[in-house]
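For reference, the structure discussed in these notes is given below.
It should be emphasised that the depicted structure is a prediction, and the values quoted were computed from it without experimental measurement. Just so we're on the same page: letters track the sequence lines, and every chain starts at 1.
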Amino acid sequence: MAPKRKAPAVSGRASKRVASGVSTPVSLDSDDDYSGSEGNESTGPNSAAPAEYDNVIKSYQPSSTYVPKKGKQPRDAADQLFRADRDFSDQQLKPDHHLRPLWLDPVHGKVVLETFSPSFKQAQNFLINIAEPLSRTNNMHEYTITAHSLFAAVSVGLTEQDIVRQMELFSKTKLPDSIIQYVHKVTQSFGKVRLVLKHSRYFIESNDASVLQMLIRDPVISTCRLEESNELQTEKAAKMGPLVIPGTKEAHGNKEAQARKEQQQQQQRQREKDDEDSDDEFGGQAAEQDMTEFLREEEDDDDLDEVHSFEIDGGKIQKVQQQCNVYLELPLTEEYDFRADVENATLDIDLKPATQIRYYQEHALSKMFGNGRARSGIIVLPCGAGKTLVGITAACTEKKSVIVLCTSATSAGQWRAEFIKWSNVNPDDVIIFTSSEKGRVPLRACIIVCTYSMVTQNTRRAYDSQQTMDQITKREWGLMVLDEVHVVPADMFRRVTERIKTHSKLGLTATLLREDDKIKDLNFLIGPKLYEANWLQLSEEGHIARVQCAEVWCPMTIEFHSEYIQAKTTNKRSLLSIMNPRKFQACQFLIDFHERRGDKIIVFSDNVYALKQYAEGLKKPYIFGDTGQRERDLVLQNFQYNDAVSTIFLSKIGDTSLDLPEATCLIQISSHYGSRRQEAQRLGRILRAKRRNDEGFNAFFYSLVSKDTMEMYYSSKRQAFLVDQGYAFKVITHLNGIDSMPNLRFETQDEKMTLLTDVLLQSETAGDEEKIVDDLFSDRSTFRKAGGGGRKGGGSGVKRQAGTLSSLAGGEDMAYLEYQRGSRSNKELAKPKNAFFSKEARERERRKKAQRDMLL
DNA sequence: GAGTTCGGAA
DNA sequence: TTGAATCCGAACTC
C-alpha cells in the first residue's frame, strides 16, 4: 500500500468557466455541509440563488458532491492557483497509480493525461471520445469533460457503463462520485430525443413517451408544434443489419488490396499488442477493446421499443434545437435511416474500386455511420488530410442526393473535380451552382455543389438563380456536406440549415475555432463533433508534412521604436512594427537562405502597403485583392513551374482561396491580431507539401515579430491553437550569418531614414488614399469636405464617392461634365472615366509591368 | 469585364 | 473585454 500522497492542484482554462458559477462549492466562512450543487437545496448559502440561475447552474460542470478541503486565506498572487476548489490533495492515489495516466479534477471536469504513461495510447483513444482536447503538449494533454463532449460520446455509441468503467481504469485516484453522477445525469438525458425528417415534415421522436410529454409542456417548444392535441403518434421501430462503408477493408473483396490491408492490419495488431502488454500490468480489460468495435457492438439495441413522436414547424427547427440543447440539456440527435428510405431516389454512386481511404478517415466515418444510420455531426481534419474524400465517401455510403456547400467558387469547382476523380458518379449528375456557373438542377437524384452565399443570398436574386434555388429548397436532400464548417455559425449562414431540408449534415473543418463564441452554436446547428484528428500524429505518419515552427524576434531600430512609442493610433504603430527595417532584413535573409535550399517560399502580409514595399524592395512577385485574375494565374503558374520564381508575396487572399501545393516554407511578416484560426490556416498551406514524403523533409513556418511591440502579444495568442496541437515554437533571437549577408537592404542610416519618413507619411494617410494621390488638385481639404463623407456616409445622391480618389479627383467638375454629356445614372457618373485621373489605373499598369519584368 | 453592393472576418 | 478599420470575395448589373 502506497503512502498517501498529495495529488497536485490543477489549474487553467477550464476553471475559468466556473469562476462565476453559483455551483462551485467553495466557501471560506461556512461549515455547512453541501449536499449538491443544484443550488435550490435549502442547505448552504446557495439556496439564495434566484430562480433564473437555474439554467446557469444546470449547464455547469459535474454536479459536485465532492467537498474540497476547507479554504485558506490567500497569501500571495500564486495562491489563487491553489484555491480550495482546486486543491485535491486529499484524494487517495491508487497503489499502482504510476501505471495509470489520468488526473481527474472532480469539480471542473478537467482531465490531465500523462503522455509518458504506458497506457497513454488507449487512454487517449478513450478521451478523444468523451472529452474536449484543450491542449496537447509534450508531456501532458489536457482535456475537459463537458455536457457536449459526453453527448458526443453517447451519440457515437458509448454507454454510461463504458465511460465510467474506463475512467476508473485510467484514473490515478478513485473515480470521484461527482463525476460518476455527472456522467449518469448527462447520459440519461442525452440521445433520448431525435429530430426526424419524414416526407418533408419534421418530427420530434423518442422511445420514451414521458420525455416527449415533458417537451410538449415546454412553453417554447409548444409554440413550435403543428398539432394541437397532446396525443403522440406511435409506431414500431425498424431494425437493420450491419452496414459497410465503401473504401474500407470490408468493402474490398479484391485480393491485392486485401493483402495490403492485412499487412497493415498486422502492423496495427503488433502495435496494439505492444500497447496491450503494458495494459496487462494492471489488468485492463476494457481498454483492449478498440473503440470501433465498441461501436459495432452497441448497434441496434432499441429495436424492441415503440417510437413516439410529434410534429413541429419546419421553420422553427433552430428554435427547438436551441431550446432542447442549451436550456433543457436534451440535445436532439439527428439520424438518418437512409437504407430504409424509399421515398427519395437512390443516387448511383460508388467509390472507384482502387480508392482506399486512410485509417483515420475510416475512423471518422465509422463514427458517423456507427449504428447503420447517418448521424449529423462535425469531423475535424487538418488541411491536406483528405477532408474532401471523407465527404465523398459519406455520399457513397448514403447514395442519396447530396448538396455540398463551400466558401468560394473555386473550391466548388474542386469539389466537383474530386467527386469525379474518386467516384464512378456520372459527371452530369454533379452540378455546380455559383454565380458564374448556374447548372440546372435535375429532378433525379444528383449532387449539387454551391457556395454558401448563393444559398443565403436574401435580396436581389437573378431570375435563373431564383429558379434553381426553388428547386433546391423544394426537395429533400439525403446529405448536406458543409465545407469549412466554422464559417457556418455566422448569422447569415444559419439560414442554410433553415432553408435546405436535409436528412443528415456533415460538417468538415480543419480548425474548429473562432475568436467569438458562436462556435458552440454548431452543436445544435449541425451536430456534435464526431471526430478530431491529432495533427502531430498525422504528420509523424506522413499523411501531412512535418513542420518546424519558429518565431523570429526582430529588434526595432532606435528611430522606429521612438516613433512607435510616440504613435497615437494603433494603425501607425502596427505599420511601424511591420516596416521595421530589421524585420525586413530578417525576411530578406530567410528568403535567401531557403531559396538556396531549394524551397518554395510564401510570404504573408495582411497589410497591403507593407506587402508592396517588401515585395518590390526584394523584387518578388505578389498578389493581393486587387490583382486581376490573369495576373494571379501568371504569378501562380510561375511559382509552380518556373525555378527562377521561388518566392511570392501574398496578402490574406492566400489564407483561403489559393491552392499552393508547391510551397514548403512560409514567412509571416504581419498578421491580423490574435487570430488563431488564421495562423492555423496558414500553417495548413504547407501541410500538403508535395515533397513531404522525401527523406527527412521538413516544412518551415516563420513568424517575424518586432520586439517590444504589440506584435509579441498577438503572436503568442495566435500560436495558442498550434501549441495546443502539439507544435513547438522555437524562438530565434538572432539569425546566424545575417551580418555577413551581402546586399542586405536598409544597411545605411540613410536608407532607414528614408523608409521611416515613407512609413510615417503612409501611416498618416493610410486608408485615406485620396489625400495623397492627387497632385493635380492641390487644395485637398476643400474637396474632401465637398466629397460628402466617407465610406459609410452619404445618405442621398451619390454614394460612396470617397472610397477611392477617382470618385472625386478633380472633384465635381469631372463628374459634372460627364453628367451633362450622357444620360447615365448618378452612380455611374460619380467616377471619372478618364484613366489619366485614376490613380488606381495608373497603379495597376505600373504593377503589371513590374511583375511581368520580374517573371519573364 | 469593370464597377457596385453587401456581408464576413476577427 | 470590445470596436474600428481594413481587406476580401461573391453576386449582380450594365
Step-by-step salt bridge (charged side-chain N to carboxylate O under 4.0 Å, His left out) determination, A:Arg573 to A:Asp708: CA-CA 11 Å; A:Arg573 285 188 167 207; A:Asp708 309 312; over 6 Å; no

Audit row: A:Lys583, A:Glu711, salt bridge (charged side-chain N to carboxylate O under 4.0 Å, His left out) steps and yes/no: CA-CA 12 Å; A:Lys583 187 189 258 192; A:Glu711 286 186 358; 2.9 Å; yes

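Nearest to the side chain of A:Met454, among C:dG9, C:dA11, B:dG1, sits C:dA11. Of the candidates B:dG1, C:dG9, C:dA10, the closest approach to any side-chain atom of A:Ile653 belongs to C:dG9. Candidate nucleotides C:dG9, C:dC8, C:dC12 were compared by shortest atom distance to the side chain of A:Ser465, and C:dC12 ranks first. The side chain of A:Ser435 lies closest to C:dA11 when the candidates are C:dC8, B:dG1, C:dA11. If you check C:dC8, C:dA10, C:dT1 against the side chain of A:Tyr713, the one that comes closest is C:dT1. Here the side chain of A:Lys652 is nearest to one of C:dC12, B:dG1, C:dC8, namely C:dC8.
In terms of the salt bridge (charged side-chain N to carboxylate O under 4.0 Å, His left out) criterion, residue partners of A:Glu132 (sequence neighbours excluded) are, by chain and number, A:Lys529. Residues satisfying the side-chain contact (heavy atoms from CB on, under 4.5 Å) criterion with A:Thr647, sequence neighbours excluded, are A:Ile591, A:Glu595, A:Ile601, A:Val603, A:Lys620, A:Phe649.
At a threshold of 4.0 angstrom between heavy atoms, the contacts of A:Lys717 with the nucleic acid are absent.
Rounded to an integer number of Å, the gap from CG of A:Leu650 to P of C:dC7 is 16 Å.
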